[in-house]
Amino acid sequence: MRGRTRALSGLLAAVLSLFVGACGTWPGSGGTADDGLRILVPNTPGGGYDTTARTVARVLEETGSASDMEVFNLPGAGGTVGLQRTVDERGNGRLALQMGLGVLGAAHVQGAKVTVARTTPIARLIQEPEAVVVREDSPYRTLTDLVAGWRKNPGGVTVGGGSSLGGPDHLLPMALAGAVGIQPKKVRYAAYDGGGGDLLPALLDGRVDFATSGIGEFLDQIAAGQLRVLAVTSDRPVAALPRVPTLKAAGIDLVFDNWRGIVAPPGISSADRKRWIEVLTALHTSRHWKAELTRHGWTDAFTTGGAFATYLARQDKAVAELVGHLGLD
């Protein structure tokens with residue numbers, strides 16, 4: 001009798017397992033299809049990656065597309081510590097890395113053992129123009145003022161950025177310097193981990209003269225009158241900052257856009273990859289997400305699957321070439 005009971009229990013467990021799998025449970029999970037997902041943020045709380053990941057998690061929960069989503073921070077080496085952790089989690093279909101242009105650049109500058117080529121591309125989410133920002137009491141009232149002072153004494157003007165060498169906040173002032181006749185090698189750049197994290201207090205207390213970072217990381221301080229934006233780097237004005245000129249409108253022929261996306265560890269199953277794409281597609285189509293795009297000044301740049309993989313490979317190659325051109329590798 002006991003043997004028959006064990007056999008029936010085993011059969012029942014097998015049937016239940018098949019039923020749950022047919023209903024769409026994430027492989028290896030014990031909850032609903034999209035419960036317990038984790039997003040690794042490779043920099044400190046308050047930065048652009050952190051803001052994006054936490055916004056993604058909140059919107060997914062608000063819309064019922066996922067629940068119990070965890071966002072956790074693992075900063076270090078410009079994001080390459082988090083990248084290494086992601087690659088080490090081979091086959092873990094419940095983990096994703098919030099990343100972007102900065103991780104690509106840091107991997108090449110830091111000489112990291114791994115690059116994004118080792119990950120599984122999931123989706124590009126947004127593009128975000130950078131902003132040239134000063135304290136409200138800065139002597140640089142306009143971009144023209146800043147450029148004039150910078151040209152006069154390149155070594156005496158410190159620019160801060162929320163990314164390490166090779167990241168977007170570093171590449172932008174290098175490109176801007178070149179566009180206004182300053183040798184990039186003379187730029188005095190101070191790297192901080194996260195635009196809205198460590199960079200913000202450095203800008204507010206005068207350790208840097210101006211900053212370059214994503215506009216979404218400074219909107220609260222801009223609204224509070226603590227910071228002033230001299231220019232944005234997009235090809236047209238930003239809805240969140242309609243009165244701020246673009247670099248081109250200020251007479252500088254330069255357009256620069258950062259972007260952020262999601263990748264997963266290598267070796268995940270096709271079912272896991274498909275499910276991540278489905279979850280993020282549901283995010284993208286929600287009115288909640290559209291509202292967040294407007295609130296943060298982000299531009300919709302949603303791309304998934306093979307198209308994102310192609311884009312990622314091209315970006316990685318372009319960043320590697322730029323880093324080499326600047327002598328940063």
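The environment of Asp137 atom CG is dense: over 12 non-hydrogen atoms of other residues, nucleotides or ligands sit within 6.0 angstrom. More than 12 heavy atoms of other shown residues, nucleotides or ligands fall within 6.0 angstrom of atom CZ in Arg54. With a 6.0 Å radius and a threshold of 12 heavy atoms from other residues, nucleotides or ligands, Arg236 has its CZ atom at or below the threshold. Taking a 6.0 Å sphere around NZ of Lys290, one finds it holds more than 12 heavy atoms contributed by other residues, nucleotides or ligands.
Without hydrogens or angle criteria, Thr246 side chain to Pro237 main chain gives no donor-acceptor distance under 3.5 Å. Although no hydrogens or angles enter the test, the distance criterion places no donor-acceptor pair under 3.5 Å between the side chain of Asp198 and the main chain of Tyr192. Proximity of a side-chain donor or acceptor of Asn73 to a complementary backbone N or O of Asn43 within less than 3.5 Å is detected. Looking only at distances, no side-chain donor or acceptor of Ser164 sits under 3.5 Å from a matching main-chain atom of Ala77. Remark: the backbone N or O of Gly100 is paired with a side-chain donor or acceptor of Tyr49 at under 3.5 angstrom. The main-chain N or O of Gly216 is found under 3.5 Å from a side-chain atom of Glu128 such that the two form a donor-acceptor pair. Judged by distance alone, with hydrogens and angles left aside, the side-chain atoms of Gln98 form no donor-acceptor pair with the main-chain N or O of Pro42 at under 3.5 Å. Side-chain N or O atoms of Thr233 include one that pairs as donor or acceptor with a backbone N or O of Glu130 at under 3.5 Å. The backbone N or O of Ala301 lies less than 3.5 Å from a partner atom in the side chain of Arg124, making a donor-acceptor pair. In this structure, Trp276 contributes its side chain and Gly93 its backbone to a donor-acceptor pair below 3.5 Å.
Taking 4.5 Å as the limit, every side-chain heavy atom of Leu172 sits out of range of all side-chain heavy atoms of Asn258. Put simply, the side chain of Met174 reaches to within 4.5 Å of the side chain of Val187, judged on heavy atoms. In this structure, the side chains of Asp316 and His108 come closer than 4.5 Å at one or more pairs of heavy atoms. The closest side-chain heavy-atom distance from Ile215 to Trp298 is not below 4.5 Å. Contact check for Asp209 versus Trp150: no side-chain heavy atoms found under the 4.5 Å cut-off. Side-chain contact between Leu241 and Phe218 is absent, with no heavy-atom pair separated by less than 4.5 Å. Side-chain atoms of Pro121 and Tyr311, non-hydrogen and from C-beta on, never get closer than 4.5 Å to each other. Under the 4.5 Å side-chain criterion, counting only non-hydrogen atoms from C-beta, Glu136 is in contact with Arg228.
For Glu89, the salt bridge (charged side-chain N to carboxylate O under 4.0 Å, His left out) test picks out Arg85, with sequence neighbours left out. Evaluation of the side chain to side chain contact (heavy atoms under 4.5 Å, CB included) rule for Arg188 yields Thr158 as partners, not counting sequence neighbours. For Thr310, there are no side-chain hydrogen bond (donor to acceptor under 3.5 Å, both in side chains) partners at least two apart in sequence or on another chain. Listed by chain and residue number, nothing satisfies the ring-ring contact (aromatic ring centres under 6.0 Å, His included) test with Phe308 (two or more places apart in sequence, or in another chain). Judged as a side-chain hydrogen bond (donor to acceptor under 3.5 Å, both in side chains), and not counting sequence neighbours, the contacts of Gln315 are Trp259. Residues satisfying the side-chain hydrogen bond (donor to acceptor under 3.5 Å, both in side chains) test with Asp88, not counting sequence neighbours, are Gln84.
Side-chain contact of Thr52 with Arg260: a donor-acceptor pair under 3.5 Å is present, judged by distance alone.
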Next on the checklist: I'd like to know whether Glu61 forms a salt bridge (Lys or Arg N to Asp or Glu O under 4.0 Å) with Arg58, so could you lay out the CA-CA distance, the side-chain angles of the two residues, the decisive distance to 0.1 Å, and finally the verdict.
Outcome noted: CA-CA 5 Å; Glu61 297 216 8; Arg58 177 168 49 78; over 6 Å; no
- Message: Using the rule given for side chain to side chain contact (heavy atoms under 4.5 Å, CB included), can you reason through Val147 versus Tyr140, listing the C-alpha separation, both sets of side-chain angles and the distance that settles it, and then say yes or no?
- Response: CA-CA 9 Å; Val147 170; Tyr140 304 122; over 6 Å; no
Which is it for Leu143 and Ile252 under the side chain to side chain contact (heavy atoms under 4.5 Å, CB included) test, yes or no, and what are the steps along the way? CA-CA 10 Å; Leu143 186 64; Ile252 298 172; 3.7 Å; yes
**Asked** What do the steps show when you test Val244 against Val238 for side chain to side chain contact (heavy atoms under 4.5 Å, CB included), and what is the final call?
**Response** CA-CA 8 Å; Val244 176; Val238 174; over 6 Å; no
Does Thr86 form a side chain to side chain contact (heavy atoms under 4.5 Å, CB included) with Val114? I'd like the steps, not just the answer. CA-CA 10 Å; Thr86 303; Val114 296; over 6 Å; no
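Of all the heavy atoms in Phe256 and Pro168, the pair that sits closest is CZ-O, 3.6 Å. In this structure, Thr51 and Thr55 approach most closely via the heavy-atom pair O-OG1, 2.7 Å. Among all heavy-atom pairs drawn from Ser213 and Leu199, the shortest one is CB-CD2, 4.1 Å.
Phe72 and Val87 fall within the same hydrophobic cluster, defined by Ile, Leu, Val, Met, Phe, Trp and Tyr side-chain heavy atoms under 4.5 Å apart, directly or through other members.
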